[in-house]
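One structure is given below, encoded as structure tokens.
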There are 2 protein chains.
Amino acid sequence: MELYVNHPKHYVAVDCVIFGYQDDQLKLLLYPRGFEPSKGNWSLPGGFIQNDESSDEAAARILKQTTGLEEIFMEQVQVFSKPDRDPEARVISLAYYALIRIDLYDEEILKKTGAEWYPINNLPTLLFDHKDMVDKALSRLQQKAGYSLIGSELLPEMFTLIQLRKVYDAIFMREFDPGNFRKKILSLGVLERLDLKNASESKKGAFYYKVKNNVDETGKDRIVKL
Amino acid sequence: MELYVNHPKHYVAVDCVIFGYQDDQLKLLLYPRGFEPSKGNWSLPGGFIQNDESSDEAAARILKQTTGLEEIFMEQVQVFSKPDRDPEARVISLAYYALIRIDLYDEEILKKTGAEWYPINNLPTLLFDHKDMVDKALSRLQQKAGYSLIGSELLPEMFTLIQLRKVYDAIFMREFDPGNFRKKILSLGVLERLDLKNASESKKGAFYYKVKNNVDETGKDRIVKL
DNA sequence: ACAAAAGTGTTTAGATTACACCCATGA
DNA sequence: TCATGGGTGTAATCTAAACACTTTTGT
């Protein structure tokens, strides 16, 4: 049919805000841009949506290519579409964010591509409107983390409540009260305590927990008052 | 530069979930689809993003075309991009939602196009994935209305607290306690009471209120516990 | 024994909820 | 005056926040 034929087509890109957690800090995976325009700026990993894939699939593909990881939590942020946002061509871009475990990240890729993990509080100048994408992605992450334990995606399968609290400290850029945080999280009923302690970070040792299977964490109680 | 040239281009559409409020109900503006495929289904008003406009501008343009209204509250919902969502061609669609006053809506347009206002609880079969768009838009609206007085966009500039409560009843599909709702809303400090009463809906008459100018309503207190 | 981190308990302030009650007015 | 919605007040409950206290263990 000829219905659509009078309308323009556009390049549609996906850019990924990839969050990791290391050294008590929330970090972002960035790539050096090796060509003009804007050579020298850092950029979010991205790519173009192909004919046979949805945007979710494109985002997963790009994440796989840039980190080696699959089956990762990802979520749409929003579309960035100012006609001149990329001076080279009209590109409509859809931002995603992902939460990954830096300890699973393939170090080889870092070396090959020159990618780096930057602390969220100390980012270099970013390409185009990528800083806006990061800001929006962070506020989405905060929102989501406010009513689910999504922050645990940044940690290994087993983690202590202290580790989890520090992740939340990093995500919300504030310090949660240890006692209150523990009580609040446990009251959600989505964590399972293991018969195993982490002895490496203290003398007494802290119990490991893991997220219960088959638990729909969202829609339950609020973790952080927003 | 030839960097992008190997990648496919796509039609990018904007579809608008247009909410209105009438007869104590939340309603949706729908268009009859007059041609195949899916002739007879109802559809959200939509259009294609042009070369010189952002998606926000496209959404505003489409809203203007279909309702005659300008400067309306609109917000991105999300992208729908399954490769086969439109059987006719690969179309990536970005859903928006808007809140308009039905009383300002141009009746002429209804007659010309066959458009109709449908109660949100009693929708006909919708085109493609438009039902998903509506569901997602509604939950975004609820979320936003949960921490701002955005619901007042559905009412005239002056409204009584009873009218506002009924709008919130419709948005959240539950009944708020009259006394508690009133206290909560007033405690936000974003409404200004006028020296004017609405005598048409009761003997005693209820004071009109309006949203204060220059007040950033968001980020304040929560209205509805989610 | 004691320092240091893990974990528990207590107290207070504030918010939410349910619901009783008073007020103003037209018929 | 009385029925009807508009508007206020209050007690019971729940939650968040601050912070003191107890437990465990390596040195």
Side-chain angles (χ1 to χ4, degrees), chain A residues 23-24 142-143 145-149 152 155 158-169 171-210 219-226, chain B residues 23-24 142 145-149 152 155 158-169 172-210 219-226:
Chain A
D23 303 331
D24 296 347
Q142 290 175 340
Q143 193 184 305
Y147 58 85
S148 82
L149 280 190
S152 64
L155 291 171
M158 299 190 317
F159 49 85
T160 67
L161 287 174
I162 290 91
Q163 291 169 338
L164 186 63
R165 173 167 53 81
K166 287 185 175 171
V167 166
Y168 273 76
D169 286 352
I171 290 175
F172 289 94
M173 296 172 187
R174 53 177 274 212
E175 298 211 333
F176 290 95
D177 178 278
N180 295 337
F181 182 83
R182 159 192 291 300
K183 267 174 292 184
K184 179 75 195 179
I185 296 296
L186 291 178
S187 77
L188 300 175
V190 303
L191 291 188
E192 184 182 340
R193 198 177 82 174
L194 306 178
D195 278 330
L196 194 61
K197 282 192 167 188
N198 171 358
S200 69
E201 294 178 38
S202 72
K203 296 163 191 166
K204 181 174 176 182
F207 277 106
Y208 277 117
Y209 288 77
K210 72 182 186 72
K220 307 249 170 191
D221 244 349
R222 181 153 286 279
I223 296 170
V224 176
K225 206 177 133 195
L226 293 179
Chain B
D23 303 331
D24 295 347
Q142 289 175 341
Y147 58 84
S148 80
L149 279 191
S152 64
L155 292 172
M158 298 190 317
F159 48 85
T160 68
L161 287 174
I162 290 93
Q163 292 169 337
L164 185 64
R165 173 167 54 80
K166 287 184 174 172
V167 167
Y168 273 77
D169 286 352
F172 288 95
M173 296 172 188
R174 53 176 274 211
E175 297 210 333
F176 291 95
D177 179 279
N180 295 337
F181 182 83
R182 153 188 240 78
K183 265 175 293 185
K184 180 74 193 180
I185 297 296
L186 290 179
S187 78
L188 300 175
V190 303
L191 291 189
E192 184 182 340
R193 198 176 82 175
L194 306 179
D195 278 330
L196 194 61
K197 282 193 167 189
N198 171 359
S200 68
E201 294 177 38
S202 72
K203 295 162 193 168
K204 180 173 174 181
F207 277 106
Y208 277 119
Y209 288 77
K210 70 182 190 71
K220 307 252 168 189
D221 244 349
R222 182 152 286 280
I223 296 169
V224 177
K225 205 177 132 195
L226 293 179

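In what follows, every chain begins at residue 1, and chains take the letters A, B, ... in the order their sequences are listed.
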Point to revise | d(CD, A:Glu201; P, C:dA4) in whole Å | key: 17 Å
Check your understanding: Which nucleotide in the list D:dA16, D:dG7, C:dT16 gets nearest to the side chain of B:Ile162?
Key -> D:dG7
Practice item. Just jot down the salt bridge (Lys or Arg N to Asp or Glu O under 4.0 Å) partners of A:Asp23, sequence neighbours excluded, or say none. Key: A:Lys27
Revision key, fill the gap. Rounded to whole Å, CZ of A:Phe176 lies from P of D:dA17 at a distance of 9 Å
Exercise for review: Measure the distance from CZ on B:Phe159 to P on D:dG6 and round it to the nearest whole Å.
Suggested key: 15 Å
Review point. Can you tell me how far C1' of D:dG7 sits from CG of B:Asn180, to the nearest Å?
Key: 13 Å
Check your understanding: Measuring from B:Tyr209:OH to B:Ile162:CD1, what's the distance to the nearest 0.5 Å?
Key -> 8.5 Å
Practice item. Calculate the interatomic distance between A:Ile185 atom CD1 and C:dA6 atom P; express it in whole Å. Key: 16 Å
Review point. How many angstroms lie between atom OH of A:Tyr208 and atom OG1 of A:Thr160, to the nearest 0.5 angstrom?
Key: 7.0 Å
Check your understanding: Taking atom P of D:dC14 as reference, at what distance in whole Å does atom NZ of A:Lys184 sit?
Key -> 14 Å
Point to revise | Heavy-atom closest contact (A:Phe159 atom, A:Leu191 atom, distance) | key: CZ-CD2, 3.9 Å
**Study point:** Residue B:Phe207, side-chain atoms from C-beta onward, closest of D:dG7, C:dC19, D:dA18
**Key:** D:dG7
Exercise for review: Could you state the atom-to-atom distance from CG of A:Leu161 to C1' of C:dT8 in whole Å?
Suggested key: 13 Å
Practice item. Return the orientation label for the A:Phe176 and A:Tyr168 ring planes: parallel under 30°, perpendicular over 60°, tilted otherwise. Key: perpendicular
Practice item. Answer yes or no: side-chain N or O of B:Lys183 and base N or O of D:dG9 forming a donor-acceptor pair under 3.5 Å. Key: yes
Exercise for review: Specify the separation, in whole Å, of atom CG of A:Asn198 and atom P of D:dG26.
Suggested key: 13 Å
Practice item. Could you tell me whether the side chain of A:Asp177 has a donor or acceptor atom within less than 3.5 Å of a complementary atom in the base of D:dA16? Key: no
Check your understanding: Taking all atoms of both residues into account, what is the closest heavy-atom pair of A:Ala206 and A:Ser202, and its distance?
Key -> N-OG, 4.4 Å
Exercise for review: Examine D:dG6: is either OP1 or OP2 under 4.0 Å from a nitrogen or oxygen in the side chain of B:Arg182? Give yes or no.
Suggested key: no
Point to revise | Per-nucleotide protein contact string for nucleotides 20-27 of chain C, where B marks a base within reach and S marks sugar-phosphate only (heavy atoms under 4.0 Å, - for neither) | key: ---BSBB-
Check your understanding: Under 3.5 Å, side chain of A:Glu175 to main-chain N/O of A:Asp169, donor-acceptor pair present?
Key -> no
